Number of protein chains: 2
Amino acid sequence: MPQLPEQRLPVELFLDLDRGGPVPLYYQVASRLERAIRDQTLPAGARLENEVALAARLGLSRPTIRRAIQDLVDQGLLVRRRGIGTQVVHGKVTRNVELTSLFEDLERSGQKPETSVLSIEQVVADEHVAEGLGVERGSPVLHISRLRSADGVPLAILDNVLPEAFVDLDRADLERHGLYQLLRARGVTMRVAKQRIGARAATTKEAGLLDLPRSAPVLTMSRTAFDNSGVAVEFGQHCYRPDRYSFEVTLVDR
Amino acid sequence: MPQLPEQRLPVELFLDLDRGGPVPLYYQVASRLERAIRDQTLPAGARLENEVALAARLGLSRPTIRRAIQDLVDQGLLVRRRGIGTQVVHGKVTRNVELTSLFEDLERSGQKPETSVLSIEQVVADEHVAEGLGVERGSPVLHISRLRSADGVPLAILDNVLPEAFVDLDRADLERHGLYQLLRARGVTMRVAKQRIGARAATTKEAGLLDLPRSAPVLTMSRTAFDNSGVAVEFGQHCYRPDRYSFEVTLVDR
DNA sequence: TAGTGGTCTAGACCACAGA
DNA sequence: CTGTGGTCTAGACCACTAT
């Protein structure tokens, strides 16, 4: 028994596990562990019970427990060392940036996102769009330009291009909902997004829209998102007011 | 048999698998699949053989194959749908940003990173540092400030704070190696990093060092990195020339 | 030596998509 | 209906760390 911080037995209050239900067991276990960590029930540095014992005590198989723990490791909440054990990472627990849209990020953090559609038109894909969206040059696509505000303050300019299947998207819908919400409503599920984050000076037009001085710095993000069939469904060029928005990323070694 | 792109049987050239060796089987399989995808041997949209068949053909168990495939899904190279199969994602394959340092990023991309140490001194942790590094306020820490260039062009200003254990780090070492290389040489392995990426105007001093106009935009990143025991080992505030550097991030829905 | 996570096997049943 | 991935089990052996 190493003299590390301390060994902890997470309480027997895993006993509301729903074995027959639709929610995977590993997910239920991971959720309860995550809650305990965010609660500080398991404080930073605390050692977890070992996998085999935990599995036995919960009446689950080791792979199931292992999967639950691994999910938390991938979220940057736990760290494992062979021969030592599993410990809670020090440092503030930050919620991971999932595959969400700005709209949902804002809603979740209690702000009121508002959208004004600057332009929406069907165009043909130029070189740049064709490459980003993975369609033929000259294909019909929908170009949307929006100004996103939160609590009345302009936050970002969102330029998006969508493939032919979505050219009938409606201006009114876009003013009321996030783009990802609308796509989900059409049965599209985002699976993968590849993003590039950078910075540059705002153009005069951008500065005006974002209520910034001329040539002020803006944070930029360009993204291509793919659905669960691996096809690109969205290509976007966004620019954000850097005093109001930044990106949080957690990297984990695998 | 759905009429999707096409079913593909990855060639029998998995037959150099080293079963007794130290390299995990799932890793060997994943590597070969990854190579096939980057080769375009498995082109965008191609369907993979199903898990069970692939496992049987390679003489491996299904969980092993599954793990290999899941690793590629997590890298954003593959997409899976229940009842359908596994397909290669469309769009350019980008190498993932691992838990690496700028120094290694540059080296890997064939550039010559150079470092000049602007200052290196032992100080006591103020409020900000104490929080970022997870140490007591007033603890002795090492503050390092470096200018990183590539191929002779200034690229970034790197401000880092390290805990007491590293106060003896040497200026000469820092000019020759990346910080992460030096830490690894001391037996420290980075496991988790939490980063925040933003933008702002350069200070006068930064603009001078980076050879930028006054108040030009810079890309900023602040990061806390944790080792495999979950303890913070590095807290950094970096700023980059945005015309020479940007961050690439791949998000995957789990 | 004892305890830990890392890997691997050989099955099983289920949920979902398509023809 | 068949075929696919998603989940789960109950073991096994190994590699690494500490004492």
Side-chain angles (χ1 to χ4, degrees), chain A residues 1-5 7-9 17-30 46-74 78-87 187 189 191 227-230 253-254, chain B residues 1-9 17-30 46-56 58-74 78-87 187 189 191 227-230 253-254:
Chain A
M1 201 186 321
Q3 60 196 12
L4 285 172
Q7 183 161 333
R8 286 301 234 97
L9 308 188
L17 292 178
D18 175 17
R19 306 190 73 102
V23 183
L25 286 169
Y26 70 82
Y27 185 87
Q28 298 183 48
V29 174
R47 263 190 57 206
L48 230 64
E49 204 176 349
N50 77 68
E51 300 177 350
V52 216
L54 191 52
R57 216 152 56 78
L58 301 193
L60 297 174
S61 71
R62 187 182 166 201
T64 300
I65 293 296
R66 219 180 134 66
R67 164 89 197 250
I69 294 178
Q70 186 60 49
D71 281 4
L72 298 184
V73 171
D74 291 344
L78 292 176
V79 173
R80 292 204 274 203
R81 283 182 293 170
R82 184 191 304 212
I84 304 285
T86 305
Q87 285 175 280
T189 30
R191 271 300 165 69
D227 70 1
N228 59 4
S229 76
D253 191 31
R254 278 272 258 169
Chain B
M1 202 188 319
Q3 62 196 9
L4 286 172
E6 76 233 40
Q7 183 160 337
R8 285 301 234 98
L9 309 187
L17 293 178
D18 175 17
R19 305 190 74 104
V23 183
L25 287 170
Y26 70 83
Y27 185 86
Q28 298 182 49
V29 173
R47 264 192 56 207
L48 229 65
E49 204 176 348
N50 78 68
E51 300 178 352
V52 215
L54 190 52
L58 301 192
L60 297 174
S61 72
R62 189 182 165 200
T64 300
I65 292 297
R66 221 180 133 68
R67 164 91 197 250
I69 293 177
Q70 186 59 49
D71 281 4
L72 298 184
V73 171
D74 291 343
L78 292 176
V79 172
R80 292 204 272 204
R81 281 182 294 171
R82 185 191 309 215
I84 304 285
T86 305
Q87 287 175 281
T189 30
R191 270 301 164 68
D227 70 0
N228 58 5
S229 74
D253 191 32
R254 277 271 259 173

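Here the structure is a predicted model, which means the values were calculated and not measured. Each chain gets a letter, A, B and so on, in the order the sequences are listed, and its residues count up from 1.
Rounded to a whole Å, the CD atom of B/Gln87 is 11 Å from the P atom of D/dG5. Regarding A/Ile84, its CD1 atom lies at a distance of 18 Å from the P atom of C/dA2, rounded to whole Å. For the pair A/Glu49 CD and C/dG3 P, the computed distance is 14 Å after rounding to whole Å. At whole-Å resolution of the value, CD in B/Gln70 and P in D/dG6 are 7 Å apart. Going from atom CZ of B/Arg80 over to atom C1' of C/dC16 covers 15 Å, rounded to whole Å. To the nearest angstrom, P of C/dG5 lies 11 Å from CG of A/Leu78.
The pair B/Glu51-B/Arg67 does not count as a salt bridge, with every side-chain nitrogen at least 4.0 angstrom from each carboxylate oxygen.
Listed by chain and number, the residues in a side chain to side chain donor-acceptor pair (under 3.5 Å) with A/Thr86 amount to none (sequence neighbours excluded). Not counting sequence neighbours, A/Gln28 has no partner by the side chain to side chain donor-acceptor pair (under 3.5 Å) test.
A donor-acceptor pair shorter than 3.5 Å can be found between the side chains of B/Gln70 and B/Arg80.
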Legend entry - Audit row: B/Thr189, B/Asp227, side-chain contact (heavy atoms from CB on, under 4.5 Å) steps and yes/no: CA-CA 5 Å; B/Thr189 30; B/Asp227 70 0; 5.5 Å; no
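Here the CG atom belonging to B/Leu54 is positioned 8.0 Å from the CG atom belonging to B/Asn50, to the nearest 0.5 angstrom.
Between C/dT4 and A/Asn50, a contact under 4.0 Å exists linking OP1 or OP2 to a side-chain N or O.
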Using a cut-off of under 3.5 Å, enumerate the N/O to N/O pairs linking the protein to nucleotides 7-11 of chain D.
from: D/dT7; atom 1: OP1; to: A/Tyr26; atom 2: OH; distance (Å): 2.6
from: D/dT7; atom 1: OP2; to: A/Tyr26; atom 2: OH; distance (Å): 3.4
from: D/dT7; atom 1: OP2; to: A/Arg67; atom 2: NH1; distance (Å): 3.4
from: D/dT7; atom 1: O4; to: B/Arg62; atom 2: NH1; distance (Å): 3.4
from: D/dC8; atom 1: OP1; to: A/Leu25; atom 2: N; distance (Å): 2.5
from: D/dC8; atom 1: OP2; to: A/Leu25; atom 2: N; distance (Å): 3.3
from: D/dC8; atom 1: OP2; to: A/Tyr26; atom 2: N; distance (Å): 3.4
from: D/dT9; atom 1: OP1; to: A/Arg19; atom 2: NH2; distance (Å): 3.3
from: D/dT9; atom 1: OP2; to: A/Ser61; atom 2: N; distance (Å): 3.0
from: D/dT9; atom 1: OP2; to: A/Ser61; atom 2: OG; distance (Å): 2.7
from: D/dT9; atom 1: OP2; to: A/Thr64; atom 2: OG1; distance (Å): 2.6

